[in-house]
Amino acid sequence: MPTVTRRTAFPKVLIERDSDSEQSSSEEETFEEEEEEDEDGVTAAKTEKLELGSDANKKGKAPITISLKKVCKVCKKPGHEAGFKGATYIDCPMKPCFLCKFPGHTTLTCPHRATTEHGVVPAPRRRSYKPLEYVFERQLRPALPSIKPKCVIPDQVNCAVIRYHSRRVTCLEFHPTKNNILLSGDKKGQLGVWDYGKVYEKVVYGNVHSCILNNMRFNPTNDCMVYSASSDGTINCTDLETGISSSPMNLNPAGWQGPNTWKMLYGMDVNCEKGLVLVADNFGFLYMVDMRSNHSISDAILIHKKGTKVVGIHCNPIQPDILLTCGNDHFARIWDMRRIEPGSSLYNLEHKRVVNSAYFSPITGTKILTTSLDNRLRIWDSIFGNMDSPSREIVHSHDFNRYLTPFKAEWDPKDPSESLAVVGRYISENYNGAALHPIDFIDISTGQLVAEVMDPNITTISSVNKLHPRDDILATGSSRSLFIWKPKEKSEPVEEKDERKIVVCGTADKKRGKKNGNDSDESDDEGFMSKSKKSKSKTDWKLSRCSTKDNC
DNA sequence: ATAGGATGTGCCC
DNA sequence: TGGGCACCCTCCTA
């Protein structure tokens with residue numbers, strides 16, 4: 001009988017108790033007792049915390065410790081507790097600052113958190129001639145405007161919410177010409193096409209990929225077609241009207257042969273001038289697909305450390321021969337497409353941890369913005385300058401990868417001074433009693449936090465963000481939801497401001513009872529707002545009405 | 001209501 | 001070089 005066998009092998013059980021007062025916690029008694037027949041739940045019901053010895057399951061002999069002590073969730077030591085107290089997270093004093101990684105203080109008192117500067121660390125600058133200057137000589141546009149235009153950030157925004165992905169959103173892309181069209185990809189490989197001007201209409205193509213859709217790019221010669229790269233190892237080219245896909249590349253033609261051979265495609269970009277789709281895999285290799293023939297045109301080229309994921313590829317907007325890649329080998333690398341082979345990178349930009357994204361600035365292509373898991377945004381002000389170290393490092397909380405789509409700081413494509421970036425924030429702040437994770441607008445020339453966007457109804461972390469190429473619109477992917485943020489019209493009433501100086505805040509809760517939305521629309525709320533949100537408040541999202549339920 | 005599981009990276013051995 | 005395990009603010013389902 002299985003139970004008999006189990007009982008004979010059952011380990012000893014240690015019970016640690018904690019008296020009520022903190023002071024006596026060090027002298028609480030610890031005793032052992034043999035496990036009796038009634039092990040099912042009697043003790044467990046009384047315990048505040050139950051710990052199994054880490055080896056207990058495997059060896060069957062190690063004692064099981066049932067701890068009644070209050071211990072810190074982070075370091076497992078008694079005497080203090082870490083975790084949320086209301087909407088404020090109490091740090092474990094045994095750990096260094098979670099935000100800036102420097103010792104000597106906790107996250108709560110981190111100077112990079114307390115100020116709006118978010119920790120700008122200037123780097124030494126040196127002027128020197130670099131190969132890139134010669135490459136750029138002819139193409140380089142006139143210098144940036146010498147006087148930086150003032151950032152116009154609205155005081156208040158409206159937010160539309162739509163929830164039609166069955167798994168978390170992994171990437172977003174605005175249509176290059178049709179202003180109201182947003183594409184979204186998810187972890188399941190589905191592709192959403194959303195016209196947020198006609199919010200009753202939506203399309204989700206469920207069979208584009210079989211797992212994570214990591215990146216999307218429009219075909220520059222036919223904006224009805226979109227290329228997508230997926231962890232299923234394929235590039236697909238999907239017709240947005242019909243949803244019909246072709247597969248110009250499949251790196252796993254033989255199917256699943258185990259994790260050591262299964263290739264996943266992450267970083268992708270389109271090189272318009274050469275008519276190429278560039279894509280890279282999780283083993284460090286770059287592939288190229290010719291867009292006219294829809295066929296792979298070259299052998300795989302090792303561009304990052306062998307066996308590591310290449311998560312980002314970006315072609316320079318001015319000089320398409322220049323390529324920027326980044327990945328899990330802690331480097332962003334600059335390449336000349338005309339001679340790209342293992343080790344031929346022009347520059348290797350070192351980071352302390354994984355580089356989630358690396359982008360050239362959108363207009364001149366001369367700046368570089370990277371997001372690294374070491375909680376820092378890095379900016380190289382000019383690729384003609386000193387590339388040995390970044391011009392600035394901005395401490396920003398985004399060190400979290402598991403469960404979430406990786407954070408990527410994105411340029412504002414409309415900002416002529418190329419100084420505004422948007423990035424979601426991992427760490428939460430207490431906003432009137434709610435722990436919220438804002439989306440930050442950061443002036444990357446100063447490190448200043450220009451705006452933080454949040455809404456009391458949105459409690460999830462918004463790790464995917466994209467600014468519209470022409471309009472004042474921000475698209476956000478947060479867990480399975482999509483949000484569209486838009487400045488409030490001047491005629492609309494502006495709510496009282498939060499105590500914080502910098503606030504761009506959805507005001508759903510505050511507007512209760514004062515709604516200027518359309519009552520008859522309420523029945524349509526089903527499906528685009530989750531039930532919990534609906535029950536909390538009737539909101540007056542200006543933009544969205546998505547009529548049908550989640551169809552994924 | 002709440003416990004548990006999926007999950008990626010880092011680091012250690 | 002690879003298995004194993006730990007991991008600070010998840011988020012969804014059963």
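Not measured: the values here are computed from a predicted model. Here is how names work: the chains are called A, B, and so on, in the same order as the sequence lines, proteins then strands, and each is numbered from 1.
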I'd like a list of close polar pairs between nucleotides 12-14 of chain C and the protein, N/O only, cut-off under 3.5 Å.
residue : atom : partner  : partner atom : Å
C/dC12  : OP1  : A/Ser479 : OG           : 2.1
C/dC12  : O3'  : A/Arg480 : NH1          : 3.1
C/dT13  : OP1  : A/Arg480 : NH1          : 3.1

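- Following rounding to the nearest Å, A/Arg425 (CZ) and C/dT10 (C1') show an atom-to-atom distance of 18 Å.
- The stretch residues 400-409 of chain A touches DNA chain B through A/Asn401, A/Arg402, A/Tyr403, each having a heavy atom under 4.0 angstrom from the strand.
- In this structure, the CZ atom of A/Phe283 is 14 Å from the P atom of C/dT1, given to the nearest Å.
- The separation between A/Phe98 atom CZ and C/dT10 atom P is 10 Å, rounded to whole Å.
- Qualifying ring pair (Phe, Tyr, Trp, His ring centres under 6.0 Å) partners for A/Tyr287, counting only residues two or more places apart in sequence or in other chains: none.
- For A/Lys85, the side chain to side chain contact (heavy atoms under 4.5 Å, CB included) test picks out A/Ile90, with sequence neighbours left out.
- Among the heavy atoms of the strands lying under 4.0 Å from A/Pro96 is at least one base atom, whether or not backbone atoms are also near.
- Side-chain contact check for A/Ser357 and A/Thr371: at least one donor-acceptor pair (N or O, by modelled atom type) lies under 3.5 Å.
- Rounded to whole Å, atom P of C/dC9 lies 16 Å from atom CG of A/Leu108.
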For residues 95-105 of chain A, which side-chain N or O atoms pair as donor and acceptor with protein atoms under 3.5 Å away, sequence neighbours left out?
residue  : atom : partner  : partner atom : Å
A/Lys101 : NZ   : A/Phe98  : O            : 3.4
A/Lys101 : NZ   : A/Asp399 : OD2          : 2.6

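- Taking A/Ser372 as the reference, A/His351, A/Arg353, A/Asp374, A/Arg378 meet the side chain to side chain contact (heavy atoms under 4.5 Å, CB included) condition, with sequence neighbours excluded.
- Protein chain A touches strand DNA chain B; the 5'-most and 3'-most nucleotides with an atom under 4.0 angstrom of its non-hydrogen atoms are B/dA6 to B/dG10.
- Annotation: salt bridge (Lys or Arg N to Asp or Glu O under 4.0 Å) contacts of A/Lys309 (sequence neighbours excluded): none.
- For A/Thr170, there are no side-chain hydrogen bond (donor to acceptor under 3.5 Å, both in side chains) partners, not counting sequence neighbours.
- Between A/Asp399 atom CG and C/dT10 atom P the separation is 13 Å, expressed in whole Å.
- Nucleic acid contact class of A/Ile427 (heavy atoms, under 4.0 Å, all strands): base.
- Look at A/Asp440 and A/Arg425 and you find a salt bridge, because one of the NZ, NE, NH1 or NH2 atoms lies within 4.0 Å of a carboxylate O, short of that distance.
- Using a 4.0 Å heavy-atom cutoff across all strands shown, A/Asp91 reaches at least one base atom of the nucleic acid.
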Begin with the C-alpha distance, continue with both residues' side-chain angles, and end with the deciding distance and a verdict on salt bridge (charged side-chain N to carboxylate O under 4.0 Å, His left out) for A/Asp269 and A/Arg217. CA-CA 6 Å; A/Asp269 201 5; A/Arg217 288 291 183 277; 2.9 Å; yes
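- Here A/Val208 pairs with A/Leu191, A/Tyr205, A/Ser228, A/Asn236, A/Thr238, A/Ser245 under the side chain to side chain contact (heavy atoms under 4.5 Å, CB included) rule; sequence neighbours left out.
- Taking the C1' atom of each, B/dG10 and C/dC11 are spaced 23 Å apart, rounded to whole Å.
- What separates NZ of A/Lys101 from P of C/dC7 is a distance of 14 Å, to the nearest Å.
- Place A/Ile461 and A/Cys97 on DNA chain C by their nearest nucleotides, and A/Cys97 ends up nearer the 5' end.
- Nearer to the 5' terminus of DNA chain B, by closest-nucleotide assignment, is the contact made by A/Arg168 (compared with the other of A/Arg168 and A/His330).
- For the ring pair (Phe, Tyr, Trp, His ring centres under 6.0 Å) test, residues two or more places apart in sequence or in another chain that qualify with A/Phe84 are A/Tyr89.
- Contact annotation for A/Lys187: backbone-only contact, meaning every heavy-atom pair under 4.0 Å involves sugar-phosphate atoms and none involves a base.
- Applying the ring pair (Phe, Tyr, Trp, His ring centres under 6.0 Å) test to A/Phe285 and every residue at least two apart in sequence or in another chain returns nothing.
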